[in-house]
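Below is one structure; the comments refer to it alone.
Just so we're on the same page: letters track the sequence lines, and every chain starts at 1.
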Number of protein chains: 2
Amino acid sequence: MPAGQRATDTAYEAVRQMILSGEAAPGTRLGEAELAEMLGLSRTPVREALQRLGADGLVEVLPHRGARVVLWTAADLEEIFELRTLLEPYAAARAARIGLEEPVLIELRGLCAAMERAAAERELARLAQLNSRFHAALIDASGNQRLPAMLTSVMHAPLILGTFHRYDAETMARSMAHHREVVDAIAARDPEWAASVMRSHLRAAAANLKEDQ
Amino acid sequence: MPAGQRATDTAYEAVRQMILSGEAAPGTRLGEAELAEMLGLSRTPVREALQRLGADGLVEVLPHRGARVVLWTAADLEEIFELRTLLEPYAAARAARIGLEEPVLIELRGLCAAMERAAAERELARLAQLNSRFHAALIDASGNQRLPAMLTSVMHAPLILGTFHRYDAETMARSMAHHREVVDAIAARDPEWAASVMRSHLRAAAANLKEDQ
DNA sequence: CTCAGTTCCATTGCATACAACGTAGGGGAA
DNA sequence: TTCCCCTACGTTGTATGCAATGGAACTGAG
């Protein structure tokens with residue numbers, strides 16, 4: 001999804017960032033006129049952007065009643081992690097099977113290092129963003145062209161940020177180690193290993209989420 | 001996705017049916033003005049409908065260049081069946097685990113019977129439509145609210161129709177038997193069984209597709 | 001005081017007009 | 001003849017105005 005020059009893309013990115021950064025809290029009403037004025041655009045591209053965000057699952061659009069930032073329940077989180085547990089290990093396995101170019105592996109390891117730095121400094125917002133990029137890169141690396149689009153609706157950073165807030169030092173270290181291990185498994189061209197680590201990674205996150213809820 | 005009274009919904013359903021019925025062949029250009037005039041609407045709701053269909057994966061919208069009905073390649077079909085093989089067995093297993101109300105089971109068995117009739121009469125278009133309804137019903141029955149939306153992009157009837165055309169009598173009978181067996185497995189509350197049959201069902205379809213390609 | 005009915009207002013839905021982009025076709029130079 | 005550029009047209013992108021819907025506030029009766 002490129003930024004593009006179109007006003008629609010501007011609006012899409014702007015509203016998306018508002019949501020992902022937490023500026024627009026879950027449940028917030030997103031009025032077309034209000035956003036249009038804020039962004040210096042007309043309602044038309046804003047409206048289109050909201051439709052797209054609705055398709056992404058980031059906002060909820062009700063006929064004649066406008067758009068709101070979606071509210072996540074505990075059940076939603078459970079659903080999301082179940083779906084990720086199905087799809088991401090598959091993506092990791094495929095990436096391992098088809099093999100990745102050296103530059104891609106280097107990029108993934110770079111993200112691992114960056115995440116570890118962010119974790120050490122408790123820069124959780126930055127960590128969540130890097131984490132999203134890491135998982136997105138892996139999904140792209142799977143070679144399945146449909147997977148990225150399918151997962152956009154369940155890979156939203158605000159969720160991830162919420163999970164990182166709960167992590168203690170040990171859990172955090174384990175999560176970082178998982179990232180490294182997935183990349184090593186892929187580099188070793190071992191699909192079973194890659195899928196297995198990814199599954200562990202996601203189940204660990206899901207378990208942590210359930211604990212205090 | 002309800003029909004709704006809005007012009008946008010009218011346009012969405014109309015164009016969707018054009019594609020699913022084959023009236024608009026893959027690769028066909030979908031001009032906004034042309035569709036608008038055909039449907040007696042303005043370009044605005046048509047445009048919105050095309051965006052939604054783009055998100056569904058039924059049409060491809062290129063900036064400044066309009067929308068076309070998507071073209072499926074063999075690789076696309078392979079991808080789609082891989083994703084369905086991941087998600088639908090999961091759906092069947094969940095349906096078996098949580099258990100279904102008697103009316104739902106009756107509805108599913110009704111669809112099985114209807115499909116068998118359609119298959120016997122070689123009413124393949126009708127069969128494809130019933131088949132879509134059957135799978136959609138199962139996905140709904142999984143209880144995972146996100147699954148239906150995720151699978152819309154890979155559950156398009158034209159594909160299925162294409163597969164049925166290739167079926168000989170034996171393969172067709174096997175496919176129908178799979179449907180019955182999945183329902184029985186769910187009724188028996190056996191998740192493993194349900195998932196396994198569904199997996200067989202999809203792999204059989206995928207194998208058939210690859211044969212003469 | 002509570003609740004139902006009604007009116008008003010804010011907001012979304014749709015239509016139309018204009019602007020901007022992309023493509024196809026023609027004309028000129030090498 | 002061939003290639004490139006440039007112009008013209010058709011299409012998409014955006015803005016704006018009006019219509020229609022939904023909700024809230026107000027009023028009246030019970």
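Across the protein-nucleic acid pair, B:R68 atom CZ and C:dT23 atom P stand 11 Å apart, rounded to whole Å. Nucleotide C:dA15 holds its P atom 13 Å from the CZ atom of B:R6, rounded to whole Å. Following rounding to the nearest Å, B:E48 (CD) and C:dT16 (P) show an atom-to-atom distance of 16 Å. Taking atom CG of B:L35 as the reference point, atom P of D:dT11 lies 12 Å away to the nearest angstrom. Whole-Å rounding puts the A:L62 CG to D:dT21 C1' distance at 13 Å. Residue B:E34 contributes atom CD, which lies 12 Å from atom C1' of D:dT11 at whole-angstrom precision. Atom CD of B:E32 is separated from atom C1' of D:dT12 by 6 Å (rounded to the nearest Å).
Distances were taken from every side-chain heavy atom of B:T8 (C-beta onward) to each of C:dA15, D:dT12, C:dC14; the shortest belongs to C:dC14. Residue B:P45 places its side chain closer to C:dA15 than to any other of D:dT14, C:dG13, C:dA15.
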Decide salt bridge (Lys or Arg N to Asp or Glu O under 4.0 Å) for A:D9 and A:R52; before the verdict, give the C-alpha distance in whole Å, the side-chain angles of both, and the deciding distance to 0.1 Å.
CA-CA 10 Å; A:D9 299 319; A:R52 282 170 63 185; 3.0 Å; yes
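Here A:R47 reaches the OP1 or OP2 of C:dG13: one of its side-chain N or O atoms lies under 4.0 Å away.
Along DNA chain C, the nucleotide nearest B:R65 and the nucleotide nearest A:R29 are compared for position; the residue whose nucleotide lies closer to the 5' end is A:R29. Of the two residues contacting DNA chain C, namely B:H64 and A:T44, the nearest-nucleotide position lying further toward the 5' end is that of A:T44. Mapped onto DNA chain D by nearest heavy atom, A:L41 and A:P63 fall at different nucleotides, with A:L41 at the one closer to the 5' end.
A:R109 and A:R180 get closest at one heavy-atom pair: O-NH1, 3.9 Å.
Counting only N and O atoms by type, the side chains of A:R68 and A:T28 include no donor and acceptor under 3.5 Å apart. Between the side chains of A:Y12 and A:E48, no donor-acceptor pair of N or O atoms lies under 3.5 Å.
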